[in-house]
Every structure is written in structure tokens, then in C-alpha cells.
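Nothing here was measured: the structure is a model prediction, and the numbers come from that model. The figures that follow rest on heavy atoms only: side chains count, while hydrogens, waters and symmetry mates do not.
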Amino acid sequence: MRRTLIALTIAGALAASGCAARSAASQPPAPTAAHQHPASAPSTGGGDDGRLATQLARARLATARYATNLQAAKADGYQILTRMIPDMGWHFLNPTIQGFDVTKPPILVYEHHHRAWQLAAFEWVFPTQPATPPLPGATYGSFGAACHYRDGTFVPAPSQADCPTRSPQTGAGFNFWHPDLVTLHLWVWYPNPDGLYNGTNPYIKPFNRG
């Protein structure tokens, strides 16, 4: 059932992204190449700046209870998607959230140090780059097709038929597969000198080893 919910969430995110784009859309595809991301977003005009500031404020208020409380996020349905991706974080997916709503991110990106967890960013995924950015000045990254396992490990694979039934790293059971995705990160809870939408963040390096 859990595998079905997560697979449906990824499928739902892909299907809903077209609507989201018209109305306003993570460990690399291979261990040696994290999500590929372009340069940070260019500066936007005054109107866009004001609209973005309002959206960021709404996003922070809506997710404040998760800022340093991973257990609260888990209680609300977020479950591990990936372990630590260098210069990015641990990803947790809520299988019930679909479409684009800046106050309800489907993926939360956390940093981990000893026993402490710090929410740093949100992430959305799309099958192709949206024709209209869901947020002013948004830029995108990519996540190659991959097999995901129940403990957050994953391996690249061109199709689900190529997925090992167990994680090659840990032996955990298979969870779901997804095709190539376009990703959108939003660094709401941690500063990123490379840009609000950049996939990786140099300030996260101290967290890379937990």
C-alpha cells in the first residue's frame, strides 16, 4: 500500500504539473552527479519581488511546525524519499500532496546533525519544464530515472523492469520507480548564496556527513 501511495504521488505530481504551470514545476541520477542545476535565478522586477516575498512568507508560516521537528512532518504523512544528497539534504515525501501550492510542498528537504533535524528547502517535481514558472524567476534542475527503496536509498535505472528487488546498498525492499524528472527547489528555511532556486547549497556542506 505504501509503495502504491508513493508511486501514485509521483504520477499525480506529473499529471498535475501541466495544470500548475498553466495556472501560475533527489542523490543524483548517479552517485557521482547530483541533480544538475543551472545558475541561480535572475533578478526579477519589483512586482515579482513583492509577489515572491508574499509567497515565501506564506510558505514559512504554513511549515513553521516542521522547521526543527521532523517527527511533526512524519506525523503529517511525510516519509523518507532519499538519504543525504551532498550539498542538498535528506528528502521526505508526502504521498497525499499533489499539484503546486507553495504552502503545501510535496517534498521537504532536511539537514541532519547528530540528533537534530533542520528543515532547509522544499521540492516539486515535473515531467517537463513548465511553460510558465509557478514562482517568479524560478529555475530548474533534473533528477534521472531511478529505483527507490524503503530506507531512502536509490539507484538509477531507465525503467522499472531494471530495478533490483532489493537495494544494492542496504538490502531494503523496493518502493517505487520514476522516470526522468524536472525539479524545483525552494530554499525557504536555509539561506543559499547560489540562489533561492538552486538545487545545491554550499552552506549545506557541514551537514554532508550528518
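Remark: side-chain polar atoms of D162 are not paired, donor with acceptor, to backbone N or O of A157 under 3.5 angstrom. Without hydrogens or angle criteria, W187 side chain to G195 main chain gives no donor-acceptor distance under 3.5 Å. Between the side chain of T63 and the backbone N or O of Y66 there is no donor-acceptor pair closer than 3.5 Å. Remark: the backbone N or O of A62 is paired with a side-chain donor or acceptor of R65 at under 3.5 angstrom. Judged by distance alone, the side chain of R166 and the main-chain N or O of F174 form no donor-acceptor pair under 3.5 Å. Here the side chain of Y190 pairs no donor or acceptor atom with the backbone of Q118 at under 3.5 angstrom. Counting only distance, with no hydrogens or angles, the side chain of D151 and the backbone of A172 share no donor-acceptor pair below 3.5 Å. With hydrogens and angles disregarded, a donor-acceptor distance shorter than 3.5 Å links the side chain of N201 to the backbone of P191. In this structure a side-chain-to-backbone donor-acceptor pair under 3.5 Å is missing from H148 to R150.
Between Y140 and P133, the closest side-chain pair of non-hydrogen atoms falls below 4.5 Å. Inter-residue side-chain proximity for N94 and I107 is flagged as unmet; no heavy-atom pair is nearer than 4.5 Å. Between H91 and R83, the closest side-chain pair of non-hydrogen atoms is not below 4.5 Å. For the pair I97/Y78, a side-chain contact is recorded, criterion being any heavy-atom separation below 4.5 Å from C-beta on. Using a 4.5 Å heavy-atom threshold, the side chains of E123 and P105 count as separate. Side-chain contact between E111 and V109 is present, with heavy atoms from C-beta onward closer than 4.5 Å. Residues F122 and W189 form a side-chain contact, since some pair of their non-hydrogen atoms from C-beta on lies under 4.5 Å apart. For the pair P127 and P179, the minimum side-chain heavy-atom distance is 4.5 Å or more.
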message: F143 vs H178, test: ring-ring contact (aromatic ring centres under 6.0 Å, His included). Steps then yes/no.
response: CA-CA 9 Å; F143 194 168; H178 66 72; 5.0 Å; yes
field: Working for side chain to side chain contact (heavy atoms under 4.5 Å, CB included), residues W124 and L186
entry: CA-CA 9 Å; W124 289 265; L186 182 65; 4.0 Å; yes
task: Carefully, step by step, assess L70 and F92 under the rule side chain to side chain contact (heavy atoms under 4.5 Å, CB included).
output: CA-CA 9 Å; L70 176 59; F92 293 83; 3.8 Å; yes
message: With side chain to side chain contact (heavy atoms under 4.5 Å, CB included) as the criterion, how do W90 and I80 come out once you've worked through the C-alpha distance, each side chain's angles and the decisive distance to 0.1 Å?
response: CA-CA 8 Å; W90 297 63; I80 192 164; 3.9 Å; yes
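Looking at every heavy atom in both residues, T200 comes nearest to P86 through CG2-O, 4.4 Å. Considering every non-hydrogen atom in both P164 and V155, the closest pair reads CD-CG2, 4.2 Å. What you find for H185 and G199 is that their closest heavy atoms are ND1-CA, 3.9 Å. Taking all atoms of both residues into account, the shortest heavy-atom contact from L56 to L196 is CD1-CD2, 4.1 Å. Residue T139 comes nearest to L184 through the heavy atom pair O-CD1, 3.4 Å, listed as atom of the first residue, atom of the second, then distance. Listed here is the closest heavy atom pair of L119 and Y110: N-CD2, 3.5 Å.
Note: Y149 and F154 fail the aromatic proximity criterion, with ring centroids not under 6.0 Å apart.
In this structure, OG1 in T103 is found 10.5 Å from CD in Q55, a value given to the nearest 0.5 Å. Between atom CG of residue D76 and atom NZ of residue K104 there is a gap of 11.5 Å, rounded to the nearest 0.5 Å. Put simply, CG on N175 and CD on Q79 are 7.0 Å apart, with the number rounded to the nearest 0.5 Å.
One side chain, D87 or N208, offers a donor N or O that lies under 3.5 Å from an acceptor on the other.
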